[in-house]
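Values in this document were obtained by computation on a predicted structure and should not be read as measured data. Hydrogens, waters and symmetry mates are skipped; everything else that's a heavy atom, side chains included, is used.
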Amino acid sequence: MVMTYRGDDGGRRMPPPRPPAGRSRDHQRAQMMPLPGRGRSPYDERTRPMGTREPEYAPPPPPRQDPPRRPADDGYPPSRPPRRRRWSVGKVLGALVLVFVVFLAGIWVYLEFSIKRVDALADYSGRPVAASGTNWLIVGSDSREGLTAEDEERLATGDVAAAGGGQRTDTIMVAHLPDNSTKPTLLSLPRDSQVSIPGHGKNKINAAFSLGGPKLLAQTVEGATGLHIDHYAEIGFGGFAKIVDAIGGVEMCIDQDMNDTMTGIDIKAGCPQTLDGRQALGFVRMRHSSATPRSDLDRVANQRKFIGALVSQIASPGTLLNPFDFFPLLSSAPDALTMDSGDHVHNLAGLALAMREISSGGVVTTTVPVTSGSAENWDKAKSKQLFDALKNDTEVPDSVIVN
């Protein structure tokens with residue numbers, strides 16, 4: 001509507017009334033606001049009050065809408081909650097392998113730092129040079145260390161004074177592990193063999209241990225055989241019996257009754273039968289019996305036979321996977337064994353793996369060829385053939401094998 005003024009101006013148009021003073025700027029701003037979707041107005045800068053920040057335009061958030069619900073009777077199965085992520089077979093197997101490796105590493109470390117050590121091998125002038133393969137000196141001593149009087153009576157170890165005093169070796173063996181495909185060899189040295197003992201003249205070979213311990217015995221064996229000894233392992237009476245009892249005894253086939261008149265050990269014939277620690281110790285020491293007419297020669301043959309059965313049983317899954325056998329064996333091993341200061345558990349494991357085939361014929365077992373049943377003197381020609389075969393990693397001739 002246009003208002004007119006009829007006065008002196010003859011009907012001149014009048015301007016529209018001004019809005020109230022307090023509403024002028026807001027009214028102008030409202031009139032100059034951009035329409036939705038058209039962006040910023042060019043008048044915004046002129047209408048914005050001084051000292052205020054330029055307002056930013058942000059479209060309002062869309063209203064939240066709930067997902068449509070499916071009717072209960074629409075014919076579809078009800079929705080399930082999300083499943084938790086399950087481990088795959090590969091991950092489970094990987095975790096089990098990791099646990100097994102950690103377990104083996106723990107056992108390895110435990111044995112490495114628990115087994116007793118001794119300086120048995122040392123360099124000296126004239127020592128045989130290392131040849132093919134690896135040679136172990138295995139000693140079964142008559143040490144009664146750690147045994148009570150009751151233990152000595154139960155095991156029939158005999159009196160130390162009656163045995164001549166000192167510490168001697170009931171068992172002396174050399175285990176040769178070749179570098180090629182030839183069979184390993186387990187060689188017995190009869191304890192009464194007359195050999196030269198450095199610094200003590202000629203004497204029985206087991207006297208070297210009593211005179212100078214493991215170091216003198218190793219030097220004596222090297223001088224008598226010409227073989228370079230690389231590793232040393234020793235086990236005493238008590239430790240031997242504990243290991244046998246730890247695995248629940250060792251199964252053996254005994255061909256005839258064995259009754260030792262010196263120790264009183266009585267073992268009946270039977271196959272198979274299980275020998276406990278006391279019977280096993282009597283078996284490997286027995287030589288005063290009708291079942292051992294060759295005395296020491298029969299005894300060393302029985303020792304090799306028993307070692308084959310013992311190692312095979314220790315390495316069997318029935319022992320390694322049975323916690324009632326494995327953990328007692330693990331706890332008894334450190335007190336039973338003594339190794340050279342330079343030897344490690346992996347060396348011992350290599351020996352066990354090589355010797356486990358004794359019972360199945362995978363290891364050559366023999367005694368040093370001797371000239372008589374007393375086993376005091378070695379047959380020089382045959383002995384040289386035997387020792388040369390071991391030095392060169394060649395097959396041991398059948399003509400020099402004594403069992």
Side-chain angles (χ1 to χ4, degrees), residues 136-142 155-156 169-177 183-193 233-235 237 239-241 243-260 262-263 265-316 318-319 336 351-370 373 375 386 396 398 400-403:
W136 278 83
L137 177 59
I138 303 173
V139 174
S141 74
D142 62 1
L155 297 176
T169 51
D170 269 17
T171 305
I172 304 173
M173 295 181 178
V174 173
H176 176 76
L177 281 57
K183 292 181 179 180
T185 301
L186 184 60
L187 169 67
S188 296
L189 309 180
R191 54 176 282 175
D192 293 336
S193 301
E234 175 190 332
I235 184 170
F237 280 170
F240 178 85
I243 286 180
V244 173
D245 287 334
I247 60 175
V250 176
E251 286 192 358
M252 294 284 296
C253 283
I254 308 300
D255 299 330
Q256 56 182 309
D257 292 346
M258 304 178 72
N259 186 3
D260 195 321
M262 291 289 293
T263 63
I265 297 294
D266 186 16
I267 303 174
K268 300 298 183 182
C271 184
Q273 63 173 300
T274 301
L275 303 184
D276 60 16
R278 179 179 184 274
Q279 294 172 318
L281 185 60
F283 179 78
V284 299
R285 297 183 64 208
M286 191 176 297
R287 62 174 177 168
H288 301 285
S289 168
S290 59
T292 55
R294 298 186 304 163
S295 186
D296 204 33
L297 290 177
D298 286 325
R299 176 165 72 168
V300 295
N302 287 336
Q303 289 172 352
R304 295 192 299 267
K305 183 179 180 181
F306 184 84
I307 288 177
L310 175 64
V311 174
S312 297
Q313 188 161 328
I314 289 177
S316 68
T319 298
L351 173 65
L353 290 174
M355 293 294 107
R356 65 179 178 173
E357 301 296 333
I358 293 178
S359 300
S360 61
V363 177
V364 176
T365 61
T366 183
T367 305
V368 175
V370 294
L386 172 64
V396 177
D398 292 338
V400 303
I401 295 178
V402 180
N403 279 311

Please give me the minimum heavy-atom distance between [X] and [Y], naming the atom from each residue.
{"X": "Ser289", "Y": "Met258", "result": "OG-CA, 4.0 Å"}
{"X": "Ala309", "Y": "Met252", "result": "CB-SD, 3.5 Å"}
{"X": "Ser193", "Y": "Leu189", "result": "OG-C, 4.5 Å"}
{"X": "Pro272", "Y": "Cys253", "result": "CA-SG, 4.3 Å"}
{"X": "Leu275", "Y": "Gln279", "result": "CA-OE1, 3.5 Å"}

Should [X] and [Y] count as side-chain neighbours, where that means a heavy-atom distance under 4.5 Å?
{"X": "Thr185", "Y": "Lys183", "value": "no"}
{"X": "Phe237", "Y": "Asp170", "value": "yes"}
{"X": "Arg191", "Y": "Arg299", "value": "yes"}
{"X": "Asp276", "Y": "Val244", "value": "no"}
{"X": "Leu351", "Y": "Ile138", "value": "yes"}

Sorted by chain and residue number, the side-chain contact (heavy atoms from CB on, under 4.5 Å) partners of Arg304 (sequence neighbours excluded) come out as Met173, Leu186, Ser188, Val300, Ala301, Thr365, Thr367, Asn403
Quick note, salt bridge (Lys or Arg N to Asp or Glu O under 4.0 Å) partners involving residues 249-258, not counting sequence neighbours, are none
Residues at least two apart in sequence or cross-chain that pass ring-ring contact (aromatic ring centres under 6.0 Å, His included) with Phe240, listed by chain then number, are Phe306
*asked:* Main chain of Val284, side chain of Gln303: is a donor-acceptor contact present, judged purely on distance under 3.5 Å?
replied: yes
- prompt: So, does Thr169 use its side chain to make a donor-acceptor pair with the main chain of Thr171 at under 3.5 Å?
  reply: no
Nearest 0.5 Å, what's the [atom1]-[atom2] distance between [X] and [Y]?
{"X": "Arg285", "Y": "Met262", "atom1": "CZ", "atom2": "CE", "result": "9.0 Å"}
{"X": "Asn259", "Y": "Met286", "atom1": "CG", "atom2": "CE", "result": "7.0 Å"}
{"X": "Ser295", "Y": "His288", "atom1": "OG", "atom2": "NE2", "result": "6.0 Å"}
{"X": "Asp260", "Y": "Ile267", "atom1": "CG", "atom2": "CD1", "result": "9.0 Å"}
{"X": "Ser316", "Y": "Arg356", "atom1": "OG", "atom2": "CZ", "result": "11.0 Å"}
{"X": "Ile314", "Y": "Met355", "atom1": "CD1", "atom2": "CE", "result": "14.0 Å"}

Exactly one candidate in Asp296, Leu297, Asp192 meets side chain to side chain contact (heavy atoms under 4.5 Å, CB included) with Val370; the answer is Leu297
From the list Asn302, Ile358, Val363, side chain to side chain contact (heavy atoms under 4.5 Å, CB included) partner of Ile307 resolves to Ile358
- prompt: Can Lys305 and Asp298 be counted as an ion pair, charged N to O under 4.0 angstrom?
  reply: no
ask   = Going by atom types alone, do Gln313 and Thr319 pair a side-chain donor with an acceptor below 3.5 Å?
value = no
